[in-house]
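Worksheet: the structure to be examined is printed underneath.
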2 protein chains.
Amino acid sequence: MKEKIYVHVADDHKILIEGIMAVINTDKDIEIRGYSLTGQEVIDWFANKKNTADVLILDITMPILDGFQVLKYFKKKKIDQKVIILSSYDDVKIVQEVLNLGCKGYISKNNAGEHIVNAIKAVASGEQYFSNDIQNILLKSLSGQMVPQGEMPDKFLLDTLTERELDVLKLITKEYSTIEMADLLNLSVNTVETYRKSLLKKLNVKNSVGLAMYAVKNNVV
Amino acid sequence: MKEKIYVHVADDHKILIEGIMAVINTDKDIEIRGYSLTGQEVIDWFANKKNTADVLILDITMPILDGFQVLKYFKKKKIDQKVIILSSYDDVKIVQEVLNLGCKGYISKNNAGEHIVNAIKAVASGEQYFSNDIQNILLKSLSGQMVPQGEMPDKFLLDTLTERELDVLKLITKEYSTIEMADLLNLSVNTVETYRKSLLKKLNVKNSVGLAMYAVKNNVV
DNA sequence: AGAAGCCTCACTGTTTTCAGTGAGAGAGGT
DNA sequence: ACCTCTCTCACTGAAAACAGTGAGGCTTCT
C-alpha cells in the first residue's frame with residue numbers, strides 16, 4: 001500500500017462527486033483521476049487507452065447508460081476493472097446483480113463518508129468491501145428471511161412511517177433502549193418516546209416486541 | 001500503522017495458541033497481550049478495565065461460553081471490540097451469524113498461517129478480512145450455488161432452553177405481557193418473570209425485543 | 001394565506017420490565 | 001443417598017415502557 005491508488009468517480013450529481021472528492025482528498029494514498037456524469041462518459045473514459053483507474057466508484061442510476069450497463073461493458077470486454085457501487089438503492093436484488101457482474105464493493109450513500117476510504121483501499125488491494133447496511137441486506141437474504149419478492153403484505157402501512165420513525169424502529173430491533181436511542185440520534189428522550197408511541201399506533205401493535213416483529217416481517221431490518 | 005497492534009487470543013487448545021503466537025511474533029507490529037482458554041475467561045479478561053486489545057482472535061467452539069456468547073457479550077455491552085473468528089467450522093450459517101454479531105474477520109484454521117497477520121492488520125485498521133475459502137463460501141452461497149445447510153448455528157444455545165422457557169419465548173414474540181402469559185399458562189406472574197429473566201441470561205440479550213429477534217433468527221416462531 | 005405533515009420537546013402518571021436473591025418440590029441420574 | 005435440573009413462587013427496588021395531551025417551528029402543497 002505504498003503507491004497511490006487512482007480512482008475514477010461516476011455519478012450524475014456533480015455535488016455528490018465534489019463531496020466524495022472532499023472526503024477522499026483527506027487521504028494521501030488516494031487520488032481522484034477523473035469523473036463522469038453518465039454511464040456513457042465512463043465507458044468513453046475507460047475506452048481511451050490512456051485513461052485508467054485502479055478503482056471505479058460507480059452510481060447505479062445515471063442518464064445515458066446506467067451502472068449496470070457499465071458493468072456489463074467491462075464484463076463483455078473482459079476488462080478486470082475494480083468497481084465499487086455507490087448507491088442509494090439498497091435492494092438485495094440490485095446488490096446480487098452487480099456482484100454477479102463482477103463488482104467488488106457496495107456502499108450505500110447513507111453512510112458513504114465513513115466507508116468510502118476503507119472501501120477503496122480494501123478493493124484496491126484485492127479484497128471486497130460492503131458497508132454495514134449492505135452486509136445486513138446480504139446476510140438477510142442468505143438466511144432466507146427475505147419476504148419473497150412480489151408484493152409485501154403491509155407496504156402501505158410501512159409507507160406511512162416517517163424517516164425518524166423508521167430510525168427508531170430499526171434501533172428498537174437492535175435492542176436499544178429509549179435513552180440509548182436519544183443519545184445516538186441526538187434527540188430528547190421525550191421525542192424518541194413520541195416516535196415509539198406513534199409507531200405503536202400506526203402499526204397497531206401492543207409493545208416494542210410487536211414493533212420488532214413487524215420490522216422483521218416487513219424486511220425493515 | 002505506526003503503533004503496535006495488541007492482540008488477545010482465545011482458543012481451548014493451548015497448542016494452537018502457541019502456534020499462533022509463533023506466527024505472529026515474526027511481525028514486529030503486532031504483540032500478543034494475553035490469551036484465554038474459555039469464553040468465560042475472555043469475558044473476564046475484557047471486563048477488567050485494565051485489559052484491552054485492539055483485536056481479539058476468537059475460536060467458536062470453547063467450553064464454558066462459546067464464541068457466539070462472547071460476541072453477544074460485546075454486543076450487549078455495546079463494546080466495539082474488533083474480533084476475528086478463527087474456526088475450523090466453515091459453514092455459511094456460522095459465518096453469517098458471527099458477522100451479524102459484529103465480528104470483523106473470519107479465517108479458517110486450514111490456512112490460518114498465511115492469513116492471520118494480514119487479517120489482524122486489516123481489522124485493526126477498520127477493514128474487514130476473510131480468508132479465501134471463507135470468501136468463496138460466502139460468494140457461492142450468495143449466487144445460490146450453495147446447498148443450504150441444515151443445522152442452525154445456535155442449536156446448542158437453543159437446546160439449553162427448557163420447555164417452559166420456550167413457551168414463554170414464543171408468547172413474547174406474540175406480544176404477550178407477563179400478566180397475560182401467566183394467565184394463559186396458569187402460572188404466577190413471578191414465575192413467568194423468572195423464565196423471562198432466565199431467557200435473557202441464557203440468550204445474552206438485553207430485553208424482550210432481543211428475545212423476540214433471537215426467536216425469529218432461530219426459527220422458534 | 002391556510003392546511004397538512006413532520007420534527008421536536010415537555011409534563012404527568014401508570015404499568016411493565018428488568019435485576020437480584022432465595023427457596024421448596026419433584027424427577028432423574030450416579 | 002446425593003446431586004443436578006426443572007418447575008414453581010415470593011419479595012424488593014430500580015429502570016424502562018406505555019399512555020395521553022399539548023405545543024412551537026418548519027416545509028410543502030393548495
Side-chain angles (χ1 to χ4, degrees), chain A residues 110 155-216 220, chain B residues 40 43 47 63-65 69 72-73 75-78 155-216 220:
Chain A
N110 307 330
K155 192 160 184 1
F156 312 110
L157 249 187
L158 243 192
D159 281 346
T160 67
L161 301 189
T162 68
E163 281 305 306
R164 277 311 206 190
E165 285 164 356
L166 272 175
D167 288 342
V168 170
L169 180 56
K170 286 175 189 168
L171 290 178
I172 285 175
T173 66
K174 292 180 182 169
E175 301 171 41
Y176 276 71
S177 72
T178 303
I179 293 175
E180 290 168 339
M181 287 188 264
D183 209 44
L184 186 70
L185 300 174
N186 272 107
L187 290 175
S188 147
V189 171
N190 290 311
T191 306
V192 176
E193 277 294 353
T194 301
Y195 291 132
R196 187 208 302 280
K197 281 179 281 193
S198 174
L199 284 166
L200 289 173
K201 199 160 191 174
K202 279 187 178 177
L203 303 183
N204 197 33
V205 295
K206 283 185 56 185
N207 51 36
S208 289
V209 170
L211 294 178
M213 297 301 282
Y214 179 92
V216 168
V220 174
Chain B
Q40 186 62 59
I43 289 176
I64 320 174
L65 301 186
Q69 290 170 296
K72 281 176 184 162
Y73 167 81
K75 192 173 186 181
K76 183 181 173 191
K77 295 286 185 179
K78 299 203 188 307
K155 193 163 181 2
F156 314 112
L157 248 189
L158 248 191
D159 279 348
T160 67
L161 302 188
T162 68
E163 280 306 306
R164 278 312 205 187
E165 286 164 355
L166 272 175
D167 288 343
V168 170
L169 180 56
K170 286 174 187 167
L171 290 178
I172 285 174
T173 66
K174 292 179 182 170
E175 302 172 39
Y176 276 70
S177 73
T178 304
I179 294 174
E180 290 167 340
M181 287 188 265
D183 209 44
L184 188 69
L185 300 174
N186 272 109
L187 292 174
S188 146
V189 170
N190 290 311
T191 306
V192 177
E193 276 294 349
T194 300
Y195 292 133
R196 187 207 304 279
K197 281 179 283 193
S198 175
L199 284 166
L200 290 174
K201 199 160 194 175
K202 281 187 178 177
L203 303 183
N204 198 35
V205 295
K206 282 186 57 186
N207 51 37
S208 291
V209 169
L211 294 178
M213 297 301 281
Y214 178 93
V216 169
V220 174

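Letters A, B, ... are given to chains in the order of the sequence lines, protein chains preceding strands, and every chain is numbered from 1. From a predicted model like this one, the values you see are computed outputs, not experimental measurements.
Along DNA chain D, the nucleotide nearest to A:Ser177 and the one nearest to B:Asn186 differ in position, and the one closer to the 5' end is contacted by B:Asn186.
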For side chain to side chain contact (heavy atoms under 4.5 Å, CB included), just list the numbers for A:Leu185 and A:Arg164, CA-CA rounded to whole Å, side-chain angles, deciding distance to a tenth of an Å, and then say yes or no.
-> CA-CA 9 Å; A:Leu185 300 174; A:Arg164 277 311 206 190; 4.1 Å; yes
Please tabulate the protein-to-nucleotide N/O contacts below 3.5 Å involving nucleotides 20-29 of chain D, giving atom names and distances.
residue: D:dG20; atom: O6; partner: A:Lys197; partner atom: NZ; Å: 2.6

Taking N or O atoms only and anything under 3.5 Å, show me the protein contacts with nucleotides 28-30 of chain C, one pair per line.
none

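Between the CE atom of B:Met181 and the P atom of D:dC9 there is a distance of 14 Å, rounded to whole Å. Between the CG atom of B:Asn190 and the P atom of D:dT8 there is a distance of 13 Å, given to the nearest Å. Distance B:Glu165 CD to D:dT8 P: 11 Å, rounded to the nearest Å. A:Ile179 has its CD1 atom 4 Å from the P atom of D:dA16, to the nearest Å. Atom CZ in A:Arg196 sits roughly 13 Å away from atom P in C:dT17 (whole-Å rounding). In this structure, A:Lys202 atom NZ and D:dA19 atom C1' are separated by 18 Å, rounded to whole Å. For the pair B:Arg164 CZ and D:dC5 C1', the interatomic distance rounds to 16 Å; values are reported in whole Å. Rounded to an integer number of Å, the gap from NZ of B:Lys206 to P of C:dT16 is 22 Å.
The shortest distance between the side-chain N/O atoms of A:Thr191 and the OP1/OP2 oxygens of C:dC9 is below 4.0 Å. At the phosphate of D:dC7, OP1 or OP2 sits under 4.0 Å from a side-chain N or O atom of B:Thr162. A sub-4.0 Å separation between OP1 or OP2 of C:dC18 and a side-chain N or O of B:Ser208 is present. Here A:Tyr195 does not reach the OP1 or OP2 of C:dC9: none of its side-chain N or O atoms lies under 4.0 Å away.
The list of salt bridge (charged side-chain N to carboxylate O under 4.0 Å, His left out) pairs with a residue in residues 181-196 of chain A, not counting sequence neighbours, reads A:Glu193-A:Arg196.
Across all strands shown, B:Thr178 has heavy atoms under 4.0 Å from sugar-phosphate atoms exclusively, and none from any base. Backbone-only engagement by A:Ser188 is indicated by non-hydrogen atom pairs under 4.0 Å involving sugar-phosphate atoms exclusively. B:Glu193 comes within 4.0 angstrom of a nucleotide base, judged by non-hydrogen atoms across all strands.
Side chains of B:Leu211 and A:Val209 form no contact here, defined as non-hydrogen atoms less than 4.5 Å apart. At least one side-chain heavy atom of B:Ile172 sits under 4.5 Å from a side-chain heavy atom of B:Met181.
Across A:Lys206 and B:Glu175, no two heavy atoms sit closer than the pair N-OE1, 2.9 Å. Closest of all the heavy-atom pairs between A:Ala215 and A:Thr173 is CB-CG2, 3.6 Å. Taking all atoms of both residues into account, the shortest heavy-atom contact from A:Leu200 to A:Ser208 is CD2-N, 4.4 Å.
Every side-chain contact (heavy atoms from CB on, under 4.5 Å) that A:Ile179 has, sequence neighbours left out, goes to A:Ser177, A:Val189. Remark: B:Glu165 engages B:Leu161, B:Thr162, B:Tyr195, B:Ser198, B:Leu199, B:Lys202 in a side-chain contact (heavy atoms from CB on, under 4.5 Å) (not counting sequence neighbours).
Annotation: the terminal axes of the helix from C:dA1-D:dT30 to C:dT30-D:dA1 meet at 50°, where each axis is the rotation carrying the C1' atoms of four end pairs onto the next four (5 pairs per end, rounded to 10°).
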